[in-house]
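The shown structure was predicted, so the numbers you read here are calculated from the model rather than taken from an experiment. Order of the sequence lines fixes the chain letters, A, B, ..., with proteins taken first and strands second; residue numbering starts at 1 for each chain.
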There are 2 protein chains.
Amino acid sequence: MTTSIKDVARAAGVSPATVSRALGKGPISEALRAQVLEAVRATGYRPNLAARRLRSQESGTIGLILADIGNPFFTGVARAVEAAAYEAGLRVLLCNTDEDPAREAAYLALMQEERVTGLILAPTRATAERLADAAPAMPVVLIDRPGPPGLFDSVLLDNAGASATLVDHLAAQGYRRIAGLFGQTSGTGIERAEGYRAAMARHGLTPALRFVLPQAEAAEAGLAALCQEGRPEAMIASNSLLLMGLLRSARAARFRIPADLALAGFDNEPWTGLVEPGITVIEQPLEAIGRQAMALLLERLRTPSAPVRKVMLSGRAILRGSTASARAPHNSTKTPPPSTFTL
Amino acid sequence: MTTSIKDVARAAGVSPATVSRALGKGPISEALRAQVLEAVRATGYRPNLAARRLRSQESGTIGLILADIGNPFFTGVARAVEAAAYEAGLRVLLCNTDEDPAREAAYLALMQEERVTGLILAPTRATAERLADAAPAMPVVLIDRPGPPGLFDSVLLDNAGASATLVDHLAAQGYRRIAGLFGQTSGTGIERAEGYRAAMARHGLTPALRFVLPQAEAAEAGLAALCQEGRPEAMIASNSLLLMGLLRSARAARFRIPADLALAGFDNEPWTGLVEPGITVIEQPLEAIGRQAMALLLERLRTPSAPVRKVMLSGRAILRGSTASARAPHNSTKTPPPSTFTL
DNA sequence: GATTTGAATGAAATCGTTCTCACTCGGCTT
DNA sequence: AAGCCGAGTGAGAACGATTTCATTCAAATC
């Protein structure tokens with residue numbers, strides 16, 4: 001039995017309404033406010049959020065449904081969302097789906113039951129499609145992954161542009177047989193694959209690509225399959241797990257990097273700069289993505305009827321030794337200092 | 001205006017009580033249950049969790065307060081906790097404090113207001129001390145970091161033993177000037193430092209250690225400070241961020257590893273096996289820690305008066321090239337296949 | 001056939017807040 | 001001096017579910 005507002009009211013010798021006013025907003029004399037605050041301290045009273053939410057009909061909470069809490073991309077975004085939410089006086093309910101559409105559905109239902117104010121979501125392809133028919137009752141902002149066109153506000157990386165940058169860079173370095181490994185569960189993988197295809201075509205090169213589960217283990221099989229079609233000179237991975245899998249497989253096969261196989265991918269995770277040679281990657285603006293998503297959500301709450309907005313953010317290419325020139329093979333294993341440029 | 005249980009009742013031609021019974025447990029005829037379920041589907045009704053919690057006086061939720069969501073150790077534990085909670089029919093409210101005692105306090109207050117059923121907490125030293133006086137109203141299980149002795153159930157790594165293992169290993173490899181860098185915000189850093197001190201003493205070696213903020217940048221200054229006292233032959237870092245900082249600093253100073261400086265640390269993160277040479281680490285049993293914490297919490301809820309339990313789990317040493325023998329300097333840069341053994 | 005039993009259902013209380021409404025009581029205006 | 005106003009306060013309704021209690025009705029018992 002915890003202490004309720006009535007206990008505080010009794011202790012302070014006032015009515016429950018007065019206690020509520022003292023703690024929240026509302027006209028109250030300074031004397032009584034102090035008296036109530038003292039009673040709160042004395043009783044150790046903590047308001048019951050369930051009751052508050054029920055009565056005031058607002059949760060003060062937004063939902064954040066992510067595909068993989070173990071992926072630094074998502075934890076980075078989550079941090080930014082939480083910071084922005086906190087500044088807006090909102091709490092964040094964080095859920096992790098592990099790319100499982102069933103868990104996504106369960107969490108979407110939960111969000112309805114929690115009556116969250118709004119929702120930020122990184123959907124799998126399966127859920128993204130279902131979203132068109134069964135739209136949640138509250139405003140939704142999609143991040144990282146596209147949804148049904150024109151229905152939801154979204155914050156996305158310029159995936160096609162990012163892929164093109166990598167292809168352009170590899171082509172400029174003299175690579176021609178450039179293969180790609182893309183995640184199959186997310187729309188992001190599709191977009192990056194499309195960008196890759198387009199860029200390859202632009203260079204007059206033949207694309208060679210595979211869609212696989214976004215797991216390091218799947219990369220091994222993907223690499224093997226692509227090698228059967230003729231050994232590639234360079235490879236692009238559409239996320240950091242695949243990239244890591246590629247690196248492991250390449251090492252196991254005793255490929256020298258970049259002499260035997262150049263590597264490039266997405267997400268500037270710490271390890272990509274620590275291995276020898278460093279891996280060329282597209283760095284995503286995690287902080288900006290999270291804050292932009294929160295900003296879109298807040299504006300949508302303010303003006304529900306505003307037109308749907310899609311914000312595309314550019315990544316930043318971080319060039320490292322793993323894509324050093326194929327024409328002038330390096331004779332030192334030292335990684336060159338990384339150079340960066342914006343898309 | 002969302003649909004409530006009354007709307008469903010009206011649609012099904014029954015009373016709200018019957019709807020409640022159809023959805024939950026309680027005696028109800030199959031015919032009516034089907035009728036109600038149909039009405040639920042038709043109206044798109046989702047129960048209001050705030051109302052349910054208020055009335056039933058239980059949140060069905062446990063709180064999980066972590067120091068750093070960006071640290072793979074904590075995300076690993078969080079996964080396990082969530083999985084175990086799900087199996088027990090509980091939800092998880094995940095909060096990230098970024099090692100900030102003020103945010104910890106705020107989240108502790110929030111947990112009270114949410115009336116969570118129980119709490120799993122990785123406290124900073126500041127909060128761990130305060131916990132003795134201001135104990136939360138619900139059961140608490142501490143993980144990763146010690147609290148006031150004998151007051152709370154806890155799941156900890158055998159930190160002293162793990163440090164000793166590293167020191168023993170380094171000493172066996174012929175290193176004598178072994179320095180240590182430990183995080184200052186957590187009790188874990190203290191325990192690992194104590195284990196290091198004891199092991200050094202046992203080997204008749206002079207300890208040289210620093211406590212720093214658990215950030216990669218702080219490691220640089222720490223290394224410099226320790227080098228001034230005479231250059232160490234080997235270094236131990238008490239967490240992966242510090243370890244990464246050490247590696248960066250060592251490379252910047254052009255130290256060869258392990259010839260100029262051997263390195264060892266905690267947490268078997270992917271990058272520790274990818275860099276050349278691989279880094280020797282203590283791997284923590286993330287899954288076991290999370291599940292054990294959840295198990296302790298559930299038992300505490302069942303029998304509140306049971307004696308306080310402290311579970312210590314052993315880590316597993318993963319030996320890699322970064323601690324190769326100092327006596328027989330390796331002439332190949334290839335990492336030896338990692339060997340592992342349990343403490 | 002009357003009475004007991006028990007399952008199925010509905011009416012209404014309840015959880016802890018917030019908020020509307022009515023009321024009181026000084027200080028102003030005219 | 002009578003009326004008005006506005007600030008401060010309390011009484012009580014309401015939020016949406018669960019749960020207790022009473023009621024109904026059919027089957028089972030004697």
Worksheet item: Looking at five pairs on each end of the helix from C:dG1-D:dC30 to C:dT30-D:dA1, what is the angle between the two axes, given to 10 degrees?
Response: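 Inter-axis angle at the termini of the helix from C:dG1-D:dC30 to C:dT30-D:dA1: 50°.
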
Are [X] and [Y] close enough for a salt bridge, meaning some N to O gap below 4.0 Å?
X        : Y        : value
A:Arg91  : B:Glu113 : no
A:Glu287 : A:Arg79  : no
B:Asp153 : B:Lys310 : no
A:Glu38  : A:Arg41  : yes
A:Glu82  : A:Arg291 : no

Can you measure [X] atom [atom1] to [N] atom [atom2] for me and round it to whole angstrom units?
X        : N      : atom1 : atom2 : value
B:Leu54  : D:dA14 : CG    : C1'   : 12 Å
B:Gln112 : C:dG16 : CD    : C1'   : 16 Å
A:Glu113 : D:dG16 : CD    : C1'   : 13 Å
A:Asp7   : C:dG16 : CG    : P     : 9 Å
A:Glu58  : C:dT18 : CD    : P     : 11 Å
A:Ile5   : C:dT14 : CD1   : P     : 19 Å
B:Asn48  : C:dC15 : CG    : C1'   : 13 Å
A:Arg53  : C:dC15 : CZ    : C1'   : 16 Å

Heavy-atom side-chain contact between [X] and [Y] under 4.5 Å:
X        : Y        : result
A:Leu119 : A:Leu297 : no
B:Phe74  : B:Asn96  : no
B:Cys95  : B:Met111 : yes

Worksheet entry | A:Gln57 side chain near C:dT17 phosphate (N/O to OP1/OP2, under 4.0 Å) |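 Indeed not, no polar side-chain atom of A:Gln57 lies that close.
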
Discussion item. Checking side-chain polar atoms at under 3.5 Å, does A:Thr124 have a donor or acceptor matched by the opposite partner on A:Glu104?
Written reply: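 Side chains of A:Thr124 and A:Glu104: pair found under 3.5 Å.
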
Worksheet item: Any side-chain donor paired with an acceptor under 3.5 Å for B:Thr117 and B:Glu58?
Response: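 B:Thr117 vs B:Glu58: no donor-acceptor pair found between side chains.
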
Item to complete: Only one of B:Leu142, B:Val308, B:Ile143 passes side chain to side chain contact (heavy atoms under 4.5 Å, CB included) with B:Ser154; say which it is.
Response: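 Only one option passes, and that is B:Leu142.
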
Discussion item. Tell me whether the side-chain N or O atoms of A:Arg52 pair up with the base of C:dT17 as donor and acceptor below 3.5 Å, since no angle test is needed here.
Written reply: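 Under the 3.5 Å cut-off, the side chain and the base do not form any donor-acceptor pair.
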
Discussion item. For a quick check, tell me whether the side chain of A:Arg55 and the base of C:dT17 share a donor-acceptor pair closer than 3.5 Å.
Written reply: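 Flag unset: no donor-acceptor pair detected.
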
Worksheet item: For residues 9-37 of chain A, which residues have at least one heavy atom under 4.0 Å from DNA chain D?
Response: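 Residues of residues 9-37 of chain A under 4.0 Å from DNA chain D: A:Val14, A:Ser15, A:Ala17, A:Thr18, A:Arg21, A:Pro27, A:Ile28, A:Ser29, A:Leu32.
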
Protein-nucleotides 23-27 of chain C N/O pairs closer than 3.5 Å?
none

